[in-house]
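Numbering of ligands and ligand atoms starts at 1, following listing order. In this chain, numbering begins with 1 at the start of the sequence shown. Worth knowing before you read on, the calculation uses all heavy atoms, side chains too, and leaves out hydrogens, waters and symmetry mates.
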Amino acid sequence: MRFSTTALALIAIVSGVTAAPTKRQDSGDIDAVILQYALTLEHLENAFYKKALSEWDEKAFTDAGFSSKFYNDLKYVAHDEEGHVVYLEAGLTAAGAMPVAPCDYSFPMTDPKSFVALSSVIEGVGVSAYLGAAPLVTSKAYLTAAGAILVTEALHQSQQRSAIGETPSANVFGTPLGFNAVYSIASGFIKSCPETNMPLPVKAYPALTLVSGLPTAQGAHIDLQPKDAVSGEVFATFVSGLNVAAVAPQTMSGGMLMVEVPMMVEGQSYVFLTRDNSGNLTDSNIVAGPVILEVTPLAPTFNISIT
Ligand SMILES: *[C@@H]1O[C@H](CO)[C@@H](O)[C@H](O)[C@H]1NC(C)=O
Ligand SMILES: *[C@@H]1O[C@H](CO)[C@@H](O)[C@H](O)[C@H]1NC(C)=O
């Protein structure tokens, strides 16, 4: 089977876990948890594409303005996501760990157009998840495997962004997000999971909603509404590519904050409410979020004589 060589690399990495399951957390345990976290996200993506492709056929896509080529390429995306699930399951199973099973999901999509728009967002979150987890991976072999999956998710994101008229590569860099930030977004699509699934050490932050301003521009105003009322001073911390910027809200009334989008925000980006303006995205600093923001990039500039 085509995954066997790399699956072996994963087996070597996670095998320490099952050999001594009661041991304190060591580096192998961390990699195994990251593997289960990745599988949790891949299950979600796999189910998402299977649902769309079972609901809408080629004619539904072409009627909605997408080409037959686009529809055919979608099937490759579904094939990839299934491949990621099979690959991660094989690595975990062979190591004696029980891979997490798929959950029940709910995706806010009603037609091919809303599906493709949502898919561009979900793929972007996938990219951010792998990028954010990368520095925590202890095994270099596993880092290669995670990087190989990340590349594919980024290709999907680019393909789906292009299909809805967005600039495929709207930022010089990808945007890393931490486990809890990714889970805060993913959990919005998860209705329930099998009780036999290993509980992941992740939690969702309190919800934040973008009331107006999507898609938006640098310097534009957006309105953010936290689900739970916040007390005291808060800031909006934007994460976009490798840039992080915290800004004070322009106004705050009736639980709604009006914030100006900083100039460094481009493409699919994220906003958190934070206690301070340090740009520190720690659990203790994050009050709510993230909200996903799509910001149209400025006209591209480059200097032809820089070689
Ligand atoms: C960021 O958070 C860490 C951990 O809480 C803390 O040690 C550090 O001082 C913080 N940095 C800033 C700039 O606030
Ligand atoms: C373009 O880059 C060259 C070489 O670094 C520099 O001399 C020149 O001033 C730059 N031009 C602009 C318009 O920035």
- [ ] Report yes or no: do H156 and E45 form a side-chain donor-acceptor pair below 3.5 Å?
- [x]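 Judged by distance alone, the side chains do not pair up.
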
Heavy-atom closest pair, residues A217 and V261: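 In terms of heavy atoms, the two residues are closest at O-CB, 3.7 Å.
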
*Check: I149 and E42 side chains under 4.5 Å, non-hydrogen atoms*: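 Of all side-chain heavy-atom pairs linking I149 with E42, at least one is under 4.5 Å.
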
request  = Assign the ring pair F107 / F189 to parallel, tilted or perpendicular, where the plane angle (0 to 90°) is split at 30° and 60°.
outcome  =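 Rings of F107 and F189: tilted, 30 to 60°.
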
Examine distances only and state if a side-chain atom of N171 and a backbone atom of E266 form a donor-acceptor pair shorter than 3.5 Å.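 Present.
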
query: Side chain of N285, backbone of N280: donor and acceptor closer than 3.5 Å?
result: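 At least one qualifying donor-acceptor pair exists.
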
Item to complete: Heavy-atom contacts with N303 under 4.0 Å: which atoms of ligand 2 show up? List them by number with element.
Response: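 Matching atoms, with element in brackets: 1 (C), 2 (O), 3 (C), 8 (C), 10 (C), 11 (N), 12 (C), 14 (O).
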
Q) Counting from 1, what ligand 2 atoms have a heavy atom of S305 closer than 4.0 Å? A)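 That gives atoms 1 (C), 2 (O), 3 (C) of ligand 2.
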
request  = List the steps and the verdict of salt bridge (Lys or Arg N to Asp or Glu O under 4.0 Å) for E82 and K50.
outcome  = CA-CA 9 Å; E82 182 180 290; K50 300 271 168 76; 2.8 Å; yes

Tabulation required: pairs of a nitrogen or oxygen in ligand 1 and a protein nitrogen or oxygen under 3.5 Å; columns are atom names and distance to 0.1 Å; otherwise 'none'.
residue: ligand 1; atom: 2 (O); partner: N280; partner atom: ND2; Å: 2.2
residue: ligand 1; atom: 11 (N); partner: N280; partner atom: ND2; Å: 2.8

